[in-house]
*Asks:* 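Attaching a single structure in structure tokens format; questions to follow.
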Protein chains: 2
Amino acid sequence: MTDTNALRERGLRVTAPRLAVLEAVGRVPHATADRVLTEVRRALPTVSVQAVYDVLHALTDVGMLRRIEPAGHAARYERRVADNHHHVVCRGCGALDDVDCAVGPSPCLTPSSTSGFTIDTAEVTYWGLCPACQSAPDTHTTRDQPVAPDAA
Amino acid sequence: MTDTNALRERGLRVTAPRLAVLEAVGRVPHATADRVLTEVRRALPTVSVQAVYDVLHALTDVGMLRRIEPAGHAARYERRVADNHHHVVCRGCGALDDVDCAVGPSPCLTPSSTSGFTIDTAEVTYWGLCPACQSAPDTHTTRDQPVAPDAA
DNA sequence: CCCGATTCTTGAACGATTCCAGATTGGTGT
DNA sequence: ACACCAATCTGGAATCGTTCAAGAATCGGG
């Protein structure tokens, strides 16, 4: 299945920015909007900030991308794989990685009392320290030279 | 245990803004910083935005408050009770409520592979619709109640 | 190949939060 | 009680990520 066909199937027009965004998110695991912009501009130097946001929204809406929004950090995007995995976020540098849930397909999905809410999703986020921040306890104050695994 | 004593025990100074913030957060279940500011100003009209943020941070740091940051919404604060409960967030209006985890003390707390991360917390957020938004699917734009503006 | 709807560009605005510098205050030691 | 000094507060401006607005460009069915 090509990206072109995938777009058509969902009733979306096939445009250069959209293909480029899909390619970029596929290549850079958990890219921020800003990172996507940078990547896309290597191929299409003129794409606007707005175009990237529009495309990310459009693709997220039709389920071709998944958006992750760790508290206190910019949103990240990943190509949606059908599985229901979760994420770890580093408290030090914000690095993000995938985590498969150890216990069954959907644990925690059935809260005891929901106060009348209709629940459609349960989202699990793990917080901790990435390997780099474990060995360099206070280095995260240096915002300019992040040791973050996916920052470079 | 008075708030005054609780503050002293943690080595924090006892100031009017701090007591007022504690009182406000205790009274308004999941208040945003802005809401806390409004509440506090009823008693102390001159407190600054900054003072409220400073106090919220200080109290959060020593564990007297817990901060909740639902994706796409302003942070909320609650008086910490020792239990480990989770939260439901309404996709329609951003309403937030407490949820007790149905399955045991800490399910999902042991992910299979953590990519070398040291995990200290597992956070669970449920997403769905609150009772009001279930019966009024698209009406939340016309509501006067200043709940969080939503991207939906 | 033409047209209308969708998508893109540019540029400015936005809300939540933080940074800054200086004035004020709490509470420990005397 | 008194003074002192660091912790705290005030006011205002700045920051980040994201969105709004209006017009120009593009996609793709007929």
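Just so it is clear: chains get the letters A, B, ... in the order the sequence lines come, proteins before strands, and each one is counted from 1. For clarity, every value in this text was computed on a predicted model and none was experimentally measured.
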*Asks:* Nearest whole Å is fine: how far is dC8(C) P from Leu56(A) CG?
*Replies:*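 Nearest whole value for this atom pair: 11 Å.
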*Asks:* Taking for each residue the nucleotide of DNA chain C bearing the nearest heavy atom, is the 5' side occupied by Gly11(A) or by Ala75(B)?
*Replies:* Gly11(A)
*Asks:* Would you please confirm or rule out a distance under 4.0 Å between OP1 or OP2 of dA7(D) and any side-chain N or O of Thr15(B)?
*Replies:*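 False: Thr15(B) side-chain N/O out of range (4.0 Å or more) of dA7(D) OP1/OP2.
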*Asks:* Take the protein atom CG of Leu19(A) and the nucleotide atom C1' of dC27(D), then report the distance between them rounded to whole Å.
*Replies:*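 Distance, rounded to whole Å: 12 Å.
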*Asks:* Could you tell me whether the phosphate oxygens of dG26(C), OP1 or OP2, come under 4.0 Å of any side-chain nitrogen or oxygen in Arg18(B)?
*Replies:*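 Negative; the distance criterion is not met.
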*Asks:* Classify Thr46(B) by what it touches in the nucleic acid, base, sugar-phosphate, or nothing, heavy-atom distance under 4.0 Å.
*Replies:*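 Sugar-phosphate, backbone atoms only, no base.
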*Asks:* Side-chain donor-acceptor pair under 3.5 Å between Asp98(A) and His86(A), yes or no?
*Replies:* no
*Asks:* Side-chain donor-acceptor pair under 3.5 Å between Thr46(B) and Arg41(B), yes or no?
*Replies:* no
*Asks:* Assuming nearest nucleotide by heavy-atom distance, tell me which of Arg41(A) and Gln50(B) is located more 5' along DNA chain C.
*Replies:* Arg41(A)
*Asks:* Expressed as a whole number of angstroms, how long is the span from Asp54(B):CG to dT24(C):P?
*Replies:*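 One finds 18 Å between P of dT24(C) and CG of Asp54(B), rounded.
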*Asks:* N/O contacts under 3.5 Å, protein versus nucleotides 1-6 of chain D?
*Replies:*
residue, atom, partner, partner atom, Å
dA6(D), N3, Arg13(B), NH2, 3.2

*Asks:* Does Arg67(A) have more than 12 heavy atoms from other residues, nucleotides or ligands lying within 6.0 Å of its CZ?
*Replies:*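 Check passes, neighbour count above 12.
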*Asks:* Tell me, which pairs form a salt bridge (Lys or Arg N to Asp or Glu O under 4.0 Å) where one or both residues lie in residues 2-19 of chain B, sequence neighbours left out?
*Replies:*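 Found Asp3(B)-Arg79(B).
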*Asks:* Can you tell me how the ring of His85(B) sits relative to the ring of His87(B), calling it parallel under 30°, perpendicular over 60° and tilted otherwise?
*Replies:*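 It falls in the perpendicular class, over 60°.
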*Asks:* Counting just side-chain N and O atoms, does Tyr53(B) come under 4.0 Å of either OP1 or OP2 of dT18(C)?
*Replies:*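 Checking Tyr53(B) against dT18(C): no side-chain N or O falls below 4.0 Å of OP1 or OP2.
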*Asks:* Between Glu123(B) and Thr125(A), does any side-chain donor sit less than 3.5 Å from a side-chain acceptor?
*Replies:*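 Side-chain D/A pair, Glu123(B) to Thr125(A): absent.
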*Asks:* What is the nucleic acid contact for His73(A), judged by heavy atoms within less than 4.0 Å: base, sugar-phosphate only, or nothing?
*Replies:*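 No contact.
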